[in-house]
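Quick note: residue numbers are just sequence positions, from 1. Here the structure is a predicted model, which is why all the values come from computation and not from measurement.
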Amino acid sequence: MLKHVLMMTTTLAVLPAAAHAADLAFAPVPVPQTDAAKRAVQASPSVTIDGTEHKIGYHVLYRSGDMGAGTLIDAKGNPVMNDDGTPAVSDSADFTSLLPRGDRLFSVTHFEARPGAMYLSELKQDADGTLTVLSSKPIDFSSVGGLWVPCAGSVTPWGTHLGSEEYPADARAIEAATSLDEIDDYTKPMVRYFGVDPDTMSLDDFRTAYNPYRYGFVTEIAVSDDGEATPHKHYAAGRVAVELGYVMPDRKTVYISDDGTNVGLFRFVADKEDDLSSGTLYAARWTQTSADNGGAADLSWVDLGHGDDASVRKLIDDGISFSDIFETADIADDGSCGDGFMASNAEGRSECLKVRDGMELAASRLETRRYASMMGATTEFRKMEGITFNQADSRLYLAMSEVERGIEDNAKGGKATDKYDKGGRNDIRLEANGCGTVYELDIDGSMTATAMRGLVSGKPTRYEDGSPYAGNSCDIDGIANPDNLTFINGTRTLIIGEDTGSGHQNDAIWAYNIDSKDLTRIETTPYGSETTSPYWYGDINGHGYLMSVVQHPYGESDEDKLDDPADARAYIGYVGPFPAIK
């Protein structure tokens with residue numbers, strides 16, 4: 001139980017309808033065109049709030065590797081070593097929180113690796129709002145079997161850091177493997193956390209070290225007054241490719257986005273406020289009402305049952321396997337299953353499954369996506385990313401980086417088990433859009449999403465050779481592969497970060513006015529990098545901050561542009577400082 005841990009100055013109460021919304025406008029950032037601009041972090045130099053201009057800019061707190069931050073740590077607290085004998089340092093920094101605690105200010109940063117890492121830093125805040133780092137140290141995850149691919153995150157209304165574990169391995173495939181060649185190479189580096197060498201291990205070594213059911217959960221980190229961090233995994237909230245969990249103002253409801261292909265949208269409702277250790281899990285069903293602009297649908301919610309962290313943790317510790325949870329059968333050519341079996345189109349395959357007697361809790365919390373698909377929820381979404389909430393209008397925003405594959409109408413493929421829906425019901429029937437869409441969801445008084453529609457979409461565009469924008473496959477003045485989102489409550493501004501490859505050569509962060517629909521480019525990042533962790537803090541001791549992390553420069557594309565290895569280090573920083581906006 002994590003209660004009464006931090007008191008933040010930023011409030012998450014729903015704003016009254018009559019509250020003044022500040023008029024906010026960023027100075028735009030140009031599209032990078034020179035080589036120098038394409039290597040730099042560019043951010044708005046100023047912001048105008050209610051007619052008054054304020055100077056802002058991008059401030060680097062540190063780069064990965066500084067003070068040892070980003071060094072991967074094993075279960076004994078020792079650095080994970082590279083083949084050349086040097087410590088492994090991740091350049092994939094992701095979500096970074098700000099956590100006020102009394103008269104001190106802390107920050108937690110994810111490093112998206114296998115094993116994953118989180119670092120706790122203490123910050124100094126000057127009178128003008130400028131932040132600097134005083135110290136940084138790793139957070140110990142050995143009590144929960146280590147950390148796996150931490151991606152995006154959020155801050156709870158009670159002031160804890162809420163993290164994630166993305167892309168958990170397919171437990172069925174691991175159980176069925178007869179050789180290491182059948183184990184996905186993406187999974188193997190995790191064994192380093194347990195002191196196993198992935199280059200020399202046997203299949204038995206791998207299985208002894210690696211239990212797939214330990215990973216794929218919402219994580220919560222509480223920071224004490226004296227700067228100690230305590231991690232928890234919320235097994236009760238289900239196991240999926242958690243992009244992030246976002247806690248609503250009722251302090252009980254958590255929306256969980258699921259990254260990958262043929263994935264679902266989940267809602268966890270805790271039994272008690274400020275305590276995510278037990279509750280009921282739901283999965284969304286999409287009933288389409290329009291195919292325009294990313295589509296629209298009514299949402300209903302499939303009840304996946306009640307659970308608690310302790311009970312699920314015991315199943316994991318006792319060594320439960322996929323075959324303990326399910327019976328399996330072949331799926332027919334028409335996508336149907338035999339008596340007693342139900343079809344699932346999740347986890348990259350079409351399959352017929354039957355939950356073994358008494359295994360409903362295990363199925364719902366350890367094979368959440370499969371179970372949701374079996375129970376009638378929609379598991380056809382693709383690349384589900386950031387979540388944020390507009391309190392004044394009671395609207396939730398959700399980014400879908402790519403509107404493709406399961407989202408497409410599988411009738412085009414001509415077969416129920418084709419690449420589009422893998423034998424599902426074909427709930428979502430949209431045209432492909434590789435540039436992605438940000439959706440808005442209506443939220444009712446019980447914090448339940450009732451409808452969902454496209455808000456702003458990227459526009460596939462072909463630029464001719466010789467154009468200054470040649471090589472960009474999405475409109476340069478629009479979004480490309482939206483990822484992280486945050487809303488500047490007290491204004492009408494949604495912030496949209498990109499994770500794009502060919503869509504835009506240089507990823508951007510945008511400010512989108514939800515009334516005027518105007519998009520303003522407010523930051524661009526170097527070749528091959530990803531914008532991560534744009535997250536708004538409206539009032540920390542009288543100053544506002546837009547956190548902004550630049551992940552793996554030169555690491556996703558344009559690797560040939562890297563001249564100095566030091567330039568490939570991630571940037572952990574922020575845009576600001578702003579005056580407080582409440």
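- Geometrically, R285 does not engage W301 in a cation-pi contact, judged by NZ or CZ lying under 6.0 Å from the ring centre and within 45° of the ring axis.
- For R267 and Y282, the positive end sits near the middle of the six-membered ring, less than 6.0 Å away and at most 45° from its axis.
- Checked against the 6.0 Å centroid threshold, Y246 and Y255 do not count as a close aromatic pair.
- In summary, R104 and E122 engage in a salt bridge, as defined by a charged side-chain N under 4.0 Å from a carboxylate O.
- With hydrogens and angles ignored, the 3.5 Å screen pairs no side-chain donor or acceptor of D318 with any backbone N or O of I320.
- Contact check on D66 versus R63 returns no salt bridge, with no Lys/Arg side-chain nitrogen under 4.0 Å from an Asp/Glu carboxylate oxygen.
- F106 meets the ring-ring contact (aromatic ring centres under 6.0 Å, His included) test with no other residue; sequence neighbours excluded.
- Remark: R101 engages D225 in a salt bridge, criterion side-chain N to carboxylate O under 4.0 Å.
- Taking the six-membered ring for Trp, Y215 and Y210 have ring centres closer than 6.0 Å.
- Ring to ring, Y537 and Y545 are not that close: their centroids are 6.0 angstrom or more apart.
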- Message: Let's go through S277 and D309 carefully: what are the C-alpha distance in whole Å and the side-chain angles of both, what is the deciding distance for side chain to side chain donor-acceptor pair (under 3.5 Å) to 0.1 Å, and is it a yes or a no?
- Response: CA-CA 5 Å; S277 64; D309 288 349; 5.0 Å; no

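- Looking at S344, its side chain does come within 3.5 Å of a backbone N or O of A346 through a donor-acceptor pair.
- Ion pairing between a basic and an acidic side chain is recognised when a charged N comes within 4.0 Å of a carboxylate O; E273 and K252 show no such pairing.
- Residues N541 and Q125 bring a donor and an acceptor atom of their side chains to less than 3.5 Å of each other.
- Ion pairing between a basic and an acidic side chain is recognised when a charged N comes within 4.0 Å of a carboxylate O; D308 and R365 show no such pairing.
- Relative orientation of the H232 and H234 rings is parallel, given thresholds of 30° and 60° on the angle between their planes.
- Using a cutoff of 4.0 Å between basic side-chain nitrogens and carboxylate oxygens, K76 and D140 are not scored as salt-bridged.
- The residues E165 and R114 are annotated as not salt-bridged, no charged nitrogen and carboxylate oxygen being separated by less than 4.0 angstrom.
- No side-chain N or O of D91 forms a donor-acceptor pair with one of Q551 less than 3.5 Å apart.
- D74 and R192 are not joined by a salt bridge, as no carboxylate oxygen comes within less than 4.0 angstrom of a charged side-chain nitrogen.
- Of the N and O atoms on the side chains of N345 and S373, at least one donor lies less than 3.5 Å from an acceptor on the other residue.
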- Message: Run D275 and W158 through side chain to side chain contact (heavy atoms under 4.5 Å, CB included) and show every step you take.
- Response: CA-CA 10 Å; D275 178 359; W158 52 97; over 6 Å; no

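- For the pair F389 and N489, the tightest heavy-atom approach, listed with the atom from each and the gap, is O-ND2, 3.5 Å.
- Taking a cutoff of 4.0 Å between a charged side-chain nitrogen and a carboxylate oxygen, K383 and D259 qualify as a salt bridge.
- Side-chain contact between T219 and P150 is absent, with no heavy-atom pair separated by less than 4.5 Å.
- Ion pairing between R172 and E351 holds under the 4.0 Å rule for side-chain N and carboxylate O.
- Aromatic ring centroids of F487 and Y397 lie under 6.0 Å apart.
- In summary, D258 and R369 engage in a salt bridge, as defined by a charged side-chain N under 4.0 Å from a carboxylate O.
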